[in-house]
Undergrad: 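Take this structure, written in structure tokens, and hold onto it; I'll ask about it next.
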Amino acid sequence: RYFCCSRSQLLIKFADMPQQSSPYSALDGQYQLHQTIGSGGFAKVKLATHLLTGEKVAIKMMDKRQLGRLTISTPQEDLPRIYLEIEAMKQLSHQHVCQLYQVLETDTKIFMVLEYCPGGELFDYIVERDRLEEDEARVFFRQITSAVTYIHTMGYAHRDLKPENLLLDEDQQLKLIDFGLCANPTGGMEQKLATCCGSPAYAAPELVSGKHYLGSEADIWSMGVLLYALLCGFLPFDDENLGALYRKIQSGFYETPEWLSDESRELLAAMLQVDPKHRVTVSQLVSHPWLSTGHTRPIDSRSIYKSSGVDEDVITEVAVHQGKSRVAVRQAVCRWGYDYLTATYLLMMAQKRAGRTPRLLPGR
Ligand SMILES: O=C(Nc1ccc2c(c1)CNCC2)c1ccc(F)cc1
């Protein structure tokens, strides 16, 4: 399969074949690695440059051997969570969901090439300002509602919504990350999910009570906790003792600081309903008065990214650069293999959306 391509492709093809010299040799020829920008339990995130386009990306790196050792769950549980996250992100393409560009796997590592979000976490953004004014909180919350409505429409629940999982891109737009706990049980989301997960302070009462719950309803509760954190700068339910925290969540009682407007109090109350059946739904949220203030249109959750077909300008640029026919390039792109070509195509689409001509760097 290597005799049909040009030199640059040959480079790419051979780059696909991981050598065992350095831990990141699977990325050679495709990405230039830079500094580490994050490290969590079993994942490390490094800044990188996609060589063919020169665009910045974030590469989340996981060591398969470590999965399971760092968490209380058994190994076989953590590995599928990574594959669940990858499969979910492959289905999601939205302006407020962090875009997956490419997946590389060796016998010991999994690499996820993700959208670059240099603004860091919404969590730090709030902490630096103590709390946000209503207008600014509303701008962010409309983006969060757009993202959550979209993933619910796609049959997913995030189940770990919190300011740490919302990153800011270079245009101060929010991007939802970490679908490691998302749920898309077969047959859509309406199954009751029995697993308890996510971060306790943002977890819904039915979830901390170990009851069966709907992912979509639990996400709405977490959005209520998120909105409270944006407007107040602290959490509605907090206690260093886990049992005490659970009891506060199950009570549904929280303080409302005097600076909260009546409309924001009303919206918080609609989301922080202990009984999930009394909780507001995302479709009611998108036209809620507090979210509409100062905005003419209700929140539009549709993706701005083309869902069908491919962009001919990008296909042409790739074909010319690689000395291949547009038909051949179009067919290869439409395989959506989340390989280097998928990353190249999606990054060129991002260049186009940013008003720059989609370009491949010469001689690569
Ligand atoms: O791009 C990301 N983070 C990032 C990138 C650049 C910088 C930062 C974070 C924070 N310090 C300034 C520079 C990022 C993107 C996706 C992800 F899952 C995790 C992290």
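Note that ligands are numbered from 1 as they come in the structure, with each ligand's atoms numbered from 1 the same way. Worth knowing before you read on, the calculation uses all heavy atoms, side chains too, and leaves out hydrogens, waters and symmetry mates. Quick caveat, the model's predicted, so the values are computed rather than measured.
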Undergrad: Just the distances, no angles: every ligand 1 N or O to protein N or O pair closer than 3.5 Å, one line each.
TA:
{"from": "ligand 1", "atom 1": "1 (O)", "to": "C117", "atom 2": "N", "distance (Å)": "2.7"}
{"from": "ligand 1", "atom 1": "3 (N)", "to": "C117", "atom 2": "O", "distance (Å)": "3.4"}

Undergrad: Locate the shortest heavy-atom distance separating L346 from L100; write the atom from each residue and the value.
TA: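 The answer is CD1-O, 3.7 Å.
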Undergrad: For residues 353-363, which side-chain donor-acceptor pairs fall under 3.5 Å, sequence neighbours excluded?
TA:
{"from": "R356", "atom 1": "NH1", "to": "E55", "atom 2": "OE2", "distance (Å)": "2.8"}
{"from": "R359", "atom 1": "NH1", "to": "E317", "atom 2": "OE1", "distance (Å)": "3.3"}

Undergrad: To check you understand the geometry: which heavy-atom pair defines the closest contact between V310 and Y345, and what is its length?
TA: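 Looking at all heavy atoms of both residues, the closest pair is CA-OH, 3.3 Å.
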Undergrad: Restricting to ring pair (Phe, Tyr, Trp, His ring centres under 6.0 Å), what partner residues turn up for F111, sequence neighbours left out?
TA: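 Checked F111 against ring pair (Phe, Tyr, Trp, His ring centres under 6.0 Å); zero matches.
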Undergrad: Compute both the distance and the angle, then confirm whether R265 meets the cation-pi test with W290: under 6.0 Å from the six-membered ring centre, within 45 degrees of the axis.
TA: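 Here R265 fails the 6.0 Å and 45° test against W290.
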Undergrad: Can you list the other members of the hydrophobic cluster that holds L47, where links are side-chain heavy atoms under 4.5 angstrom apart?
TA: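 Reading the cluster by chain and number, L47 sits alongside I37, V45, Y116.
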